Amino acid sequence: MTTYEIATIVGSLRTASINGQLARALTKLAPPEFHFTMVSIGDLPLYNQDDDGNQAAPVKRLKQQIQAAQGLLFVTPEYNRAIPGVLKNAIDHASRPYGESAWAGKPAGVLGASVGTIGTAVAQQQLRTILAYLDVPTLGQPEVFVQAKEGLFDADGNIAASSRAFLQGWMDRYVAWVKKQCGG
Ligand code: FNR
């Protein structure tokens, strides 16, 4: 059985992050051949181009995790109508040095949850623009803009019944698309 390693990046460092919960719950909807690794971004230094020739250990680890993956999963909040700075910092790190980006060609899913009614739509659009520049294809449909409300998750941290069919449909589509992108 061909297996697919998916580097999963959450755009919030908060312990109780809704997006972190969403990412963990989503991975439970995937088939067994898909393995999701939560990639840490909170230990990365602030990006400084002076360090391109001597990247810090967490940056090298980030790049290795991305390079080893067949696909990517971004689950992010929206901060002030943009992606959080920690996420942009991670993206910038792994895109450098020039010509040695870890991102190119890795198919990515983009989702997000927020308390606001337009549920990360602006941040996701911005993220898709950044990823397009980095030659990362993104799954276009279905879009997933989750408004975090009481009852989104059940007591075990699973997606509750109200959103489960929709998010299962998203995962099924993502899985089929990643396999296709990987030539499987
Ligand atoms: C927010 N929040 C927010 N929500 C939104 O829908 N659009 C926005 O532009 C913003 N802006 C924003 C800025 C900052 C600095 C913070 C801390 C928060 C609210 C956000 O949706 C809420 O805090 C989420 O719970 C954050 O996601 P996590 O950390 O729970 O994953």
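No hydrogens, no waters, no symmetry mates; every other heavy atom, side chains included, goes into these values. Sequential numbering from 1 along the given sequence is applied to the chain's residues. Both ligands and their constituent atoms are indexed starting at 1 by order of listing. Model, not experiment: these values are computed from the prediction.
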Visitor: Run through all N or O atoms in ligand 1 and write down each protein N or O closer than 3.5 Å, as a pair with its distance.
Guide:
residue  : atom   : partner : partner atom : Å
ligand 1 : 6 (O)  : S114    : OG           : 2.9
ligand 1 : 7 (N)  : E78     : OE2          : 2.9
ligand 1 : 7 (N)  : R81     : NH1          : 3.0
ligand 1 : 9 (O)  : E78     : OE2          : 3.4
ligand 1 : 9 (O)  : N80     : N            : 3.0
ligand 1 : 9 (O)  : R81     : N            : 2.8
ligand 1 : 9 (O)  : R81     : NH1          : 3.3
ligand 1 : 11 (N) : E78     : O            : 3.3
ligand 1 : 11 (N) : N80     : N            : 2.8
ligand 1 : 21 (O) : V115    : N            : 3.2
ligand 1 : 27 (O) : N19     : ND2          : 3.4
ligand 1 : 29 (O) : S12     : OG           : 2.7
ligand 1 : 29 (O) : R14     : NE           : 3.0
ligand 1 : 30 (O) : R14     : NE           : 3.4
ligand 1 : 30 (O) : R14     : NH2          : 2.6
ligand 1 : 30 (O) : I18     : N            : 2.9
ligand 1 : 31 (O) : S17     : OG           : 2.5
ligand 1 : 31 (O) : I18     : N            : 3.3
ligand 1 : 31 (O) : N19     : N            : 3.0
ligand 1 : 31 (O) : N19     : ND2          : 2.8

Visitor: When rounded to the nearest 0.5 angstrom, what distance separates OG in S95 from CG in L131?
Guide: 11.0 Å
Visitor: Let me have the donor-acceptor pairs involving side chains of residues 49-58, under 3.5 Å, with sequence neighbours excluded, atom names and distances please.
Guide:
residue : atom : partner : partner atom : Å
D52     : OD1  : Y47     : OH           : 2.8
D52     : OD2  : Y47     : OH           : 3.2
Q55     : NE2  : R96     : O            : 3.0

Visitor: Could you tell me which residues satisfy side chain to side chain donor-acceptor pair (under 3.5 Å) with D135, sequence neighbours excluded, listed by chain and number?
Guide: none
Visitor: Which donor-acceptor pairs under 3.5 Å do the side chains of residues 172-184 make with protein atoms, sequence neighbours left out?
Guide:
residue : atom : partner : partner atom : Å
D172    : OD1  : Q168    : NE2          : 2.9
Y174    : OH   : L72     : O            : 2.7
K179    : NZ   : E33     : OE2          : 2.7

Visitor: Roughly how far apart are I159 CD1 and L22 CG, rounded to 0.5 Å?
Guide: 5.0 Å
Visitor: Could you state the interatomic distance from OG (S40) to CG (L13), rounded to the nearest 0.5 Å?
Guide: 9.5 Å
